[in-house]
Participant: 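My structure is below; once you've seen it, I'll send some questions.
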Amino acid sequence: NRSSDREGRVTNHPGPCQMYMNPLEHDSINIRDAIRLTADEMLVVYKQENEIGRRLLYGPAIFVPSANEWLHDFRWHGVDPKDKTRWIPNDHNFRKLSTIPGQMYYNVRDVRTNDDVVMRVKLMLFYELSEPEVMLNMTHDPIADFINAVCSDVIAFASQLSYAEFHKQTSFLSKINTYPQLCQRAKRIGYDITQVVYRGYHASESTQQLQDAAIETRTQRRLNTEIEEEKAKLSSFKLGKELNRTAKSKLRALYLDFVR
């Protein structure tokens, strides 16, 4: 119960308890739920005494704040329920901070190669909170920091390559050293990036059609080359057999002439 008396004092009374609302003494009495924390959650608690202090409360626990305590309210990017790769600013509001490793899907849009092909690169990021105090001091929204940093890394990677080269080197997008800005920024705000998974890319319909046509042309050329090589091998085999027969015939003729 949280009571406010006529003199302005506010008191929190941990339950279970019973209180009588005396209008001569109390302005109000409100019932509030205690905050339950599981083993993978934590709270950031502020306390007003001579000065404002901050502490981290880890679960499992049941927390009842005192009258001069309040909780940190987080407002981060939240995932769009209609599109798991799209993130909405200030959409995720919460107080319990998860301490287990997390993951997020993100599509880096408007990625341009050095021959001006524009595409969308699909990624999955794995991260873990390592230093909560650093995070509280250095950022208001880690997800926004991750998004900005990974966009910079992917755009820098693609800008050095042509579309054909990018297509051949997509395996590098699953290597953590391809994302220096993401890793540096995460470390600076108290997080570790443990893995980045490349999930593919999507170009415009016209570009995709050109790519499909190029793949078909390369495949057809490879098949034609293999056919020609097989024909050449068969011709060489036939020629060898013919030369062998001719040589045997000449030897036989020479032998018959010698016998006679």
Participant: Answer yes if V150 and V197 sit in the same cluster of Ile, Leu, Val, Met, Phe, Trp and Tyr residues linked by side chain heavy atoms under 4.5 Å apart, and no otherwise.
Facilitator: no
Participant: Report yes or no: do I176 and L123 belong to one cluster of Ile/Leu/Val/Met/Phe/Trp/Tyr joined by side chain heavy-atom distances under 4.5 Å?
Facilitator: yes
Participant: Any side-chain heavy atom of P60 sitting closer than 4.5 Å to one from T38?
Facilitator: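 No, side chains not in contact.
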Participant: With rounding to the nearest 0.5 angstrom, report the CG to CG distance, N93 to D73.
Facilitator: 8.0 Å
Participant: Using modelled atom types only, decide if a donor and an acceptor are shared between the side chain of E69 and the backbone of S66 within a distance under 3.5 Å.
Facilitator: yes
Participant: Say whether V121 and F126 are linked into one hydrophobic cluster, either directly or through other cluster members, by side-chain heavy-atom distances under 4.5 angstrom.
Facilitator: no
Participant: To the nearest 0.5 Å, what is the distance between OH (Y105) and CE (M124)?
Facilitator: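 The OH atom of Y105 sits 3.5 Å away from the CE atom of M124.
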Participant: Are there over 12 heavy-atom neighbours, none belonging to D110, within less than 6.0 Å of that residue's CG?
Facilitator: no
Participant: Would you check if L57 and L37 make a side-chain contact, meaning some heavy-atom pair closer than 4.5 Å?
Facilitator: yes
Participant: Do other residues, nucleotides or ligands put more than 12 heavy atoms under 6.0 Å from R109 CZ?
Facilitator: yes
Participant: Can you name the residues that form a ring-ring contact (aromatic ring centres under 6.0 Å, His included) with F146, not counting sequence neighbours?
Facilitator: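 For F146 the ring-ring contact (aromatic ring centres under 6.0 Å, His included) partners, ignoring immediate neighbours, are Y127, Y191.
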Participant: Please report the C-alpha distance between R188 and M138 in whole Å, then the side-chain angles of each, then the deciding distance to 0.1 Å, and finally whether the side-chain contact (heavy atoms from CB on, under 4.5 Å) criterion is met.
Facilitator: CA-CA 7 Å; R188 198 172 295 126; M138 298 300 295; 4.2 Å; yes
Participant: Given side chains that start at C-beta, do those of V118 and V111 come closer than 4.5 Å, heavy atoms only?
Facilitator: no
Participant: Can you see which heavy atom on E165 is nearest to which on Q160, and at what distance?
Facilitator: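 Scanning both residues, the minimum pair turns out to be OE1-O, 4.3 Å.
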Participant: So, for F74 and R95, which heavy atoms are closest and what is the spacing to 0.1 Å?
Facilitator: CE1-O, 3.9 Å
Participant: Verify the neighbour count for atom NE2 of H140: are there more than 12 heavy atoms of other residues, nucleotides or ligands below 6.0 Å?
Facilitator: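 At most 12 heavy atoms, drawn from other residues, nucleotides or ligands, come within 6.0 Å of this atom.
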Participant: Say whether T139 and D145, considering side chains only, have a donor N or O and an acceptor N or O under 3.5 Å apart.
Facilitator: yes
Participant: Show the nearest heavy-atom pair for residues I62 and A34, with the distance to one decimal.
Facilitator: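 Here I62 and A34 meet closest at CG2-CB, 3.6 Å.
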Participant: Can E49 and K47 be counted as an ion pair, charged N to O under 4.0 angstrom?
Facilitator: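 Yes, E49 and K47 are salt-bridged.
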Participant: Counting the benzene-type ring for Trp, do F166 and Y201 have ring centres under 6.0 Å apart?
Facilitator: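 Close enough - the centres of the two rings lie under 6.0 Å apart.
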Participant: May I ask you to decide if R36's main-chain N or O and K96's side chain share a donor-acceptor pair within less than 3.5 Å?
Facilitator: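 Flag set: sc K96 to bb R36 pair under 3.5 Å.
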Participant: Does any part of the side chain of D115, heavy atoms only, come nearer than 4.5 Å to the side chain of L161, both counted from C-beta?
Facilitator: no
Participant: CD1/I147 to CE/M104 distance, rounded to the nearest 0.5 angstrom?
Facilitator: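 Interatomic distance, I147 CD1 to M104 CE, rounded to 0.5 Å: 4.5 Å.
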Participant: Of all the heavy-atom pairs spanning L56 and P132, show the shortest one and how long it is.
Facilitator: CD1-CB, 3.8 Å
Participant: Can you find a side-chain donor-acceptor pair between D141 and H77 that sits under 3.5 Å?
Facilitator: yes
Participant: Do N224 and Q220 pair up side chain to side chain, a donor and an acceptor below 3.5 Å, judged on atom types alone?
Facilitator: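 Yes, a side-chain donor-acceptor pair sits under 3.5 Å.
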Participant: Do R245 and E242 come close enough that some side-chain heavy atom pair is under 4.5 Å?
Facilitator: yes
Participant: Y58 and M135: same hydrophobic cluster, using ILVMFWY side-chain contacts below 4.5 Å?
Facilitator: yes
Participant: Can you tell me how far apart CZ (R185) and CG (D153) are? Round to the nearest 0.5 Å.
Facilitator: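 R185 CZ to D153 CG: 13.0 Å, rounded to 0.5 Å.
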Participant: May I ask you to test the R54-L136 pair for a side-chain heavy-atom distance under 4.5 Å?
Facilitator: yes
Participant: Checking side-chain contact (heavy atoms from CB on, under 4.5 Å) for the pair L173/Y179: CA distance, chi angles, key distance, verdict?
Facilitator: CA-CA 8 Å; L173 290 170; Y179 305 91; 3.6 Å; yes
Participant: What distance separates Y198 OH from K175 NZ, expressed to the nearest 0.5 Å?
Facilitator: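 Y198 atom OH to K175 atom NZ measures 14.0 Å (nearest 0.5 Å).
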Participant: Just checking, any donor-acceptor pair under 3.5 angstrom between side chains of T194 and D192?
Facilitator: no
Participant: Taking side chain as C-beta onward, heavy atoms only, is T113 less than 4.5 Å from S159?
Facilitator: no
Participant: With distance as the sole criterion, is a donor-acceptor pair present between the side chains of T225 and E228 under 3.5 Å?
Facilitator: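 The criterion, which ignores hydrogens and geometry beyond distance, is not satisfied for E228 and T225.
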Participant: For K84 versus R199, what's the shortest heavy-atom pair and its separation?
Facilitator: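 Of all heavy-atom pairs spanning K84 and R199, the closest is CE-NH2, 4.5 Å.
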Participant: Under the side-chain contact (heavy atoms from CB on, under 4.5 Å) rule, what do L43 and L97 come out as? Steps first, then yes or no, please.
Facilitator: CA-CA 6 Å; L43 291 174; L97 181 63; over 6 Å; no
Participant: Measure the shortest side-chain to side-chain distance between Q195 and L125 over non-hydrogen atoms and say whether it is less than 4.5 angstrom.
Facilitator: no
Participant: Which pair of non-hydrogen atoms, one from G190 and one from V134, has the smallest distance, and what is that distance?
Facilitator: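 Looking at all heavy atoms of both residues, the shortest contact is N-CG1, 3.6 Å.
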Participant: In this structure, would F172 and V154 fall into the same cluster of hydrophobic residues linked by side-chain contacts under 4.5 Å?
Facilitator: yes
Participant: How long is the span from the CD1 atom in I35 to the CD atom in E41, to the nearest 0.5 Å?
Facilitator: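 Those atoms lie 10.5 Å apart.
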